[in-house]
Every structure is written in structure tokens, then in C-alpha cells.
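Because the structure is predicted, anything quoted here is derived from the model rather than measured.
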Amino acid sequence: MAKRKTAATLFMIAALASQAHAGEPGTSGFMFLRLGNGARAGGMGEAFTAVADDATGIYYNPAGLANIEGAQINATHSEWLLDIRFEQVSVVNEMLGGAVGINFTGLYYGDLDRYGQSPTVTPDGTFAPYDLALSAGYGIDVLPNLSAGASCKLIYEKIDFESATGWAVDIGVVHRSMIEGLTLGASVLNLGPQAKFVEEKFYPPFEMRLAACYKRAEEWLRGSLLVTGDAVFPNDNEAKLHLGTEYVYRDILSIRFGYKANYYVQGATMGFGILYKDLRFDYAYMPIELELGDSHRFSINVFTSGL
């Protein structure tokens, strides 16, 4: 089990934290910023750019903050490959003519054995890699049918004795179409200057998202049905397509399905949500191929009149 954990953890570090070699030389690092946020979005294949109507929307499109009334708090825990943990907290409060949001993200790989230069079976202590990001954003209705928003994030990465710091901004818009129920969205994420890890220089994992969602509430549905899709254009890889759907029964129970196309180890997703008064619990199941394990994402959402 220890060897399996070490192998899986090193795989994650190589794939997420040190991907300056993923595209063109020096293209992207801080790859944990692409792991998503929230179990609701996770169940819908993370097609959330045009939805972005809860606290986790600050990750996908800061313009979605303008849709939030009162205050919302979201806490998300993700189980990633054995003991690797992904923790997030998002808080949004309606204020200053729009809404202000903050988000904390932490990816923790657990303890790994440290070995020196000489071959040995005896470790020289342990180390615990981790990645952190703290962002703050603001969204506002600039027209009756158009919202805009922006956020700025500070980023920190630590692997043994080495570390890297950086910053990036997100910018987004949401347009409520003249077609009832149709919303269009677009965002530019992780736009920032080069950072440096040891001798390797890289940019944050920039991407552009273009999205649309359609929501319909009908009595014969006994609730509402939402269908959404995101086209994602990363700076260091081929374009991706995220698709999702959500059925909400009487504002009590939600069932969700999604699909992430053109990914190496990701595909179908599913999840559900349960709403009780001012609390909502969400769960998402996001399988990972290559026998590395599965990702389970849990969220608790609190809705209040204001902070």
C-alpha cells in the first residue's frame, strides 16, 4: 500500500504540480488550479461557466457572483487517489452593488519518504507536498441582462525544500438571452505572469471558456431541468468539451450527469444534491482511468440572508 501511495502521489505531482513540460516549453505550472470546485459542478462534468449561480461560481466565472442574493458559504472536500486531499472553501456576500467572493483551495499529497542521492532502502525522513491558492472576486450586473466579474488569486506551491509563488486573474461575463431560460457565459482563467520553480519557469494554467446553459421549469416536470455545456481552450493542450445536465425535483432533490470529452483519464461524471431549508448537500462521483482510483467530491452549502 505504501508503494502504491508513493507511486500515485508522484504521478499526481508530476501531472499537476510540475507540468511545465505539458505543452510548449515553460507553458504551464500550478496545474491544481484546473481541478474544479464544488460537487454540484463536478456531477455536471464541470460545465458550469454559464451556470455559476452558487458560491463555487467564483472558480468558473466570477461574473456569476452577481447572481447571488444574500450570502452563501460552500465547503468542498475531494478524495483523490488514496490519501491525496483537495479542500476548498468559498464565501460570497451580496454587497457594494453586486457581490464579493473569496475562495481558498488546498491540495495536500500526504507524507512521502525522502531519499538522498545514494541508493538505499532507508528513507532520510519524510516531506509533505502541497499547493495553495487564495482568491478574491467581485461580480456586478452592468446591464439588466449582462453581468461581469473579475477575481485575483495568490498561488503557492511547496515540494520538500523547494517552493514557488505566483498570482493570476480571472475575468468573466454572463449574458441572459432574450430566449427565456438561455444563458451564455465566457471566462478567461488564470491569466498571470511567469513563476519559477527551482530553475524551471512557467505560466499559470491559462484557459478560455465559452459556454451556454438552458433551464426550463414546468409543472409536468415537477421541478426544473438544466442542460449546459462548456468549450474549454487551454494554453497547453487541445480543446476540451464539458457537458452536463441537472434535474431538480421540487427544490428538494437534484440528480446530475456530465461528461468531459478529450481528456486522457476522465470522462463520465454523476452526482446528486439534497436541499433542506438553508442547507444543501452535494455529492459527485468522478471516475479516473488507468486503475489510479476514483474521485469523490462532497460539498456542504449554507444559504443566508447576508453576512
Side-chain angles (χ1 to χ4, degrees), residues 36-61 63-78 88-94 99 101 139 141 144-145 147 174-185 211-230 242-260 268-287 295-307:
N37 190 356
R40 182 185 175 211
M44 292 192 288
E46 294 179 341
F48 212 65
T49 303
V51 183
D53 59 357
D54 63 25
T56 65
I58 189 174
Y59 169 88
Y60 299 94
N61 187 349
L65 297 175
N67 296 324
I68 294 177
E69 298 180 356
Q72 292 188 20
I73 302 171
N74 175 281
T76 296
H77 167 75
S78 299
Q88 295 165 299
V89 177
S90 305
V91 180
V92 178
N93 189 45
E94 186 181 10
D141 288 330
N145 62 348
S147 302
V174 171
H175 170 62
R176 292 169 290 280
S177 169
M178 294 178 62
I179 301 174
E180 185 178 358
L182 177 63
T183 303
L184 307 177
C213 76
Y214 181 77
K215 184 175 181 179
R216 188 79 174 182
E218 295 285 356
E219 182 58 34
W220 64 269
L221 285 172
R222 298 189 179 183
S224 63
L225 181 67
L226 182 148
V227 179
T228 183
D230 285 20
H242 296 213
L243 301 172
T245 184
E246 176 187 56
Y247 170 66
V248 181
Y249 174 77
R250 299 297 193 195
D251 292 328
I252 298 175
L253 175 66
S254 302
I255 304 296
R256 307 174 183 119
F257 296 95
Y259 188 78
K260 302 172 70 172
T269 67
M270 62 187 70
F272 67 87
I274 299 174
L275 179 66
Y276 177 73
K277 294 184 178 180
D278 294 331
L279 295 175
R280 190 184 74 215
F281 170 80
D282 296 314
Y283 166 77
Y285 173 62
M286 308 169 67
S295 175
H296 302 272
R297 189 179 294 179
F298 308 86
S299 292
I300 295 178
N301 306 267
V302 180
F303 306 91
T304 72
S305 58
L307 296 177

Visitor: Can you tell if the side chain of Arg222 reaches within under 4.5 Å of the side chain of Tyr247, non-hydrogen atoms only?
Guide: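 Yes - at least one pair of side-chain heavy atoms lies under 4.5 Å apart.
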Visitor: To the closest 0.5 Å, what do you measure between OH (Tyr283) and CE (Met270)?
Guide: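 Tyr283 OH to Met270 CE: 9.0 Å, rounded to 0.5 Å.
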Visitor: Donor-acceptor pair, distance only, cut-off 3.5 Å: does the side chain of Thr245 make one with the backbone of Leu226?
Guide: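 It does hold such a pair.
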Visitor: What's the shortest heavy-atom distance between Thr76 and Arg297, and which atoms?
Guide: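 Residues Thr76 and Arg297, closest heavy atoms: CG2-CG, 3.5 Å.
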Visitor: If I take atom CG from residue Leu184 and atom SG from residue Cys213, how far apart are they, to the nearest 0.5 angstrom?
Guide: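 Leu184 atom CG to Cys213 atom SG measures 8.5 Å (nearest 0.5 Å).
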Visitor: Nearest heavy-atom pair of Asp251 and Leu275: which atoms, and what distance?
Guide: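 Looking at all heavy atoms of both residues, the closest pair is O-CD2, 3.1 Å.
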Visitor: State whether the number of non-hydrogen atoms from other residues, nucleotides or ligands found under 6.0 Å of Glu180 atom CD is greater than 12.
Guide: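 12 or below, so no.
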Visitor: State, yes or no, whether a side-chain contact exists between Phe257 and Met44 at a heavy-atom distance under 4.5 Å.
Guide: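 In short, these two side chains do not touch, never coming nearer than 4.5 Å.
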Visitor: Atom CZ in Arg280, atom CD1 in Ile252: separation rounded to 0.5 Å?
Guide: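 Going from the CZ atom of Arg280 to the CD1 atom of Ile252 covers 14.0 Å.
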Visitor: Quick one: NZ on Lys260 to CG on Asp230, what's the gap to the nearest 0.5 Å?
Guide: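 Taking NZ in Lys260 and CG in Asp230, the distance rounds to 10.5 Å.
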Visitor: Determine the minimum heavy-atom distance between Ala39 and Ala284, stating which atoms define it.
Guide: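 Reported closest heavy-atom pair: O-CB, 3.3 Å.
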Visitor: With side chain to side chain donor-acceptor pair (under 3.5 Å) as the test, pick out the partner of Asn301 among Thr56, Asp54, Asp282.
Guide: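 Passing option: Asp282.
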Visitor: Considering only heavy atoms from C-beta outward, does the side chain of Val302 approach that of Leu279 to under 4.5 Å?
Guide: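 In short, these two side chains touch, coming nearer than 4.5 Å.
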Visitor: Please verify the inter-ring angle class for Phe272 with Phe281; under 30° counts as parallel, over 60° as perpendicular, anything in between as tilted.
Guide: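 Geometry flag for Phe281 against Phe272: tilted rings.
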Visitor: Walk me through whether Ser224 and Glu246 qualify under side-chain contact (heavy atoms from CB on, under 4.5 Å).
Guide: CA-CA 8 Å; Ser224 63; Glu246 176 187 56; over 6 Å; no
Visitor: What's the shortest heavy-atom distance between Gly244 and Ala47, and which atoms?
Guide: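 The answer is N-CB, 4.0 Å.
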Visitor: Indicate yes or no: at least one non-hydrogen side-chain atom of Asp278 is less than 4.5 angstrom from one of Thr304.
Guide: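 A side-chain contact under 4.5 Å is absent here.
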Visitor: If you round to the nearest 0.5 Å, how far is NE2 of His175 from CG of Asn145?
Guide: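 Output value for this atom pair is 5.0 Å.
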Visitor: Please examine the side chains of His242 and Phe48, heavy atoms only from C-beta on, and report whether any two atoms are closer than 4.5 Å.
Guide: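 With C-beta onward as the side chain, the pair stays apart.
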Visitor: How are the rings of His77 and Phe298 set to each other: parallel, tilted or perpendicular (split at 30° and 60°)?
Guide: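 Rings of His77 and Phe298: parallel, as their planes differ by under 30°.
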Visitor: Are more than 12 heavy atoms, taken from residues, nucleotides or ligands other than Leu221, located less than 6.0 Å from that residue's CG atom?
Guide: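 More than 12 heavy atoms, drawn from other residues, nucleotides or ligands, come within 6.0 Å of this atom.
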Visitor: Find the distance between CG (Asp53) and CD (Gln72) and round it off to the nearest 0.5 Å.
Guide: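 Output value for this atom pair is 7.5 Å.
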Visitor: Measure the shortest side-chain to side-chain distance between Arg40 and Ser299 over non-hydrogen atoms and say whether it is less than 4.5 angstrom.
Guide: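 Of all side-chain heavy-atom pairs linking Ser299 with Arg40, none is under 4.5 Å.
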Visitor: With heavy-atom distances below 4.5 Å as the criterion, would you say the side chains of Leu253 and Ile274 are in contact?
Guide: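 Yes, their side chains come closer than 4.5 Å.
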Visitor: Between Arg176 and Asp141, does a side-chain contact (heavy atoms from CB on, under 4.5 Å) hold up when you go through it step by step?
Guide: CA-CA 11 Å; Arg176 292 169 290 280; Asp141 288 330; 3.3 Å; yes
Visitor: Ignoring hydrogens and geometry, is there a side-chain-to-backbone donor-acceptor pair from Thr228 to Ala212 under 3.5 Å?
Guide: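 It does hold such a pair.
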Visitor: How close do Thr49 and Ala52 get, counting heavy atoms only, and between which atoms?
Guide: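 The answer is O-CB, 3.9 Å.
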Visitor: Which atoms form the tightest heavy-atom contact between Ala71 and Asn93, and what is the distance?
Guide: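 Smallest interatomic distance, heavy atoms only, reads CB-OD1, 3.4 Å.
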